[in-house]
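Encoded as structure tokens, the structure appears first; notes follow it.
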Amino acid sequence: MKKIVLAVLIMVPALLMAQENLKIGYINSQDLITSMPEYEAALKQLEDINLTYQQEGKKLNDELQQRCAEYLQKRDSLDITIKEYKEAELQRLGQSIEEFQQNAQTNLQKKQQELIAPIIDKANKAVKQVGDENGFTYIIDSAGGQVLPYVGSAAVNVLPLVKKVLNLK
């Protein structure tokens, strides 16, 4: 029992000393990433790709509407076999447009991940660099709607330090 009490008494000062050396910083990673020029370039590229997909989708929809209008004008005079063929053709075109829209959305998401991943990696490396250079024990991210319940006067907002590392204003 005396050994346990002695061990606790030895550990308490060590734990208190460790807490004194605790240095905590916080950053809003969303603010950091959106201030990076690479992010603006990525957004522009994604907007251009999305616009291209929208324009192509509009062309396809216009073509479908035109074919539907033509079919509706002639359907009463068409032979049953031709009528069924035209209706099946319109259905195939409609399904093709749906597939195009789904593929476009999937490709846009992949491209977004492809473009944003290196930006996030660069930001994370800069945060790590600031943490290492300034002796932080923790750097907490306050982005994503997560509000820090308390930020004491000893906590440091490292966003300006990280921006300095990245040469951002």
Side-chain angles (χ1 to χ4, degrees), residues 1-64 94-169:
M1 184 68 164
K2 287 183 181 181
K3 289 182 182 180
I4 295 173
V5 171
L6 183 60
V8 169
L9 290 175
I10 291 172
M11 290 178 62
V12 168
L15 290 173
L16 292 174
M17 185 177 242
Q19 285 183 345
E20 288 177 20
N21 295 331
L22 192 65
K23 188 172 180 183
I24 299 174
Y26 64 95
I27 188 168
N28 185 319
S29 62
Q30 200 66 32
D31 288 348
L32 172 64
I33 289 169
T34 57
S35 69
M36 296 170 68
E38 298 95 328
Y39 181 77
E40 292 299 321
L43 279 184
K44 174 69 173 125
Q45 192 172 351
L46 290 170
E47 287 172 4
D48 291 346
I49 293 168
N50 189 39
L51 181 62
T52 301
Y53 286 151
Q54 286 178 352
Q55 289 170 343
E56 189 62 29
K58 184 178 180 337
K59 286 180 192 175
L60 293 171
N61 278 323
D62 290 348
E63 181 183 345
L64 177 61
Q95 290 170 346
S96 176
I97 292 170
E98 283 182 34
E99 287 176 23
F100 168 79
Q101 290 171 338
Q102 290 170 354
N103 290 337
Q105 186 64 32
T106 300
N107 290 339
L108 192 62
Q109 288 172 347
K110 285 179 185 176
K111 190 65 173 179
Q112 179 180 7
Q113 291 170 352
E114 177 186 313
L115 293 172
I116 299 298
I119 298 168
I120 292 171
D121 187 48
K122 183 177 179 180
N124 287 339
K125 285 178 182 176
V127 170
K128 183 182 180 328
Q129 181 180 343
V130 165
D132 290 343
E133 289 175 357
N134 294 281
F136 285 99
T137 307
Y138 298 103
I139 296 178
I140 300 167
D141 191 358
S142 64
Q146 295 192 9
V147 177
L148 298 177
Y150 172 75
V151 178
S153 61
V156 177
N157 181 359
V158 298
L159 182 60
L161 298 172
V162 175
K163 282 184 169 185
K164 184 177 180 182
V165 166
L166 294 171
N167 295 320
L168 301 173
K169 292 183 180 192

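Computed from a predicted structure; not experimentally measured.
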Nearest heavy-atom neighbours spanning [X] and [Y]:
X    : Y    : value
A126 : V162 : CB-CG1, 3.6 Å
I97  : L60  : CD1-O, 3.4 Å
F100 : Y53  : CE2-O, 3.6 Å
V158 : F136 : CG1-CZ, 3.4 Å
P118 : L115 : CD-O, 3.5 Å

Would you check if [X] and [Y] make a side-chain contact, meaning some heavy-atom pair closer than 4.5 Å?
X    : Y    : answer
K128 : N124 : no
Q112 : I49  : no
P37  : L168 : yes
Y26  : Y138 : no
V127 : L32  : yes
K169 : K163 : no
V156 : I24  : no

Evaluation steps, side-chain contact (heavy atoms from CB on, under 4.5 Å), between I116 and Y39: CA-CA 7 Å; I116 299 298; Y39 181 77; 3.9 Å; yes
For the atom pair [atom1] ([X]) and [atom2] ([Y]), what is the distance rounded to the nearest 0.5 Å?
X    : Y    : atom1 : atom2 : value
Q129 : L161 : CD    : CG    : 10.5 Å
E40  : T34  : CD    : OG1   : 7.5 Å
I120 : E38  : CD1   : CD    : 12.0 Å
L22  : T137 : CG    : OG1   : 4.5 Å
Q54  : K59  : CD    : NZ    : 13.5 Å
S29  : I139 : OG    : CD1   : 11.5 Å

Short N-O contact, E47 and K44, less than 4.0 angstrom: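 Salt bridge absent between E47 and K44.
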Donor-acceptor contact present, side-chain [X] to main-chain [Y], <3.5 Å:
X    : Y    : result
N107 : N103 : yes
K23  : N134 : yes
N50  : L46  : no

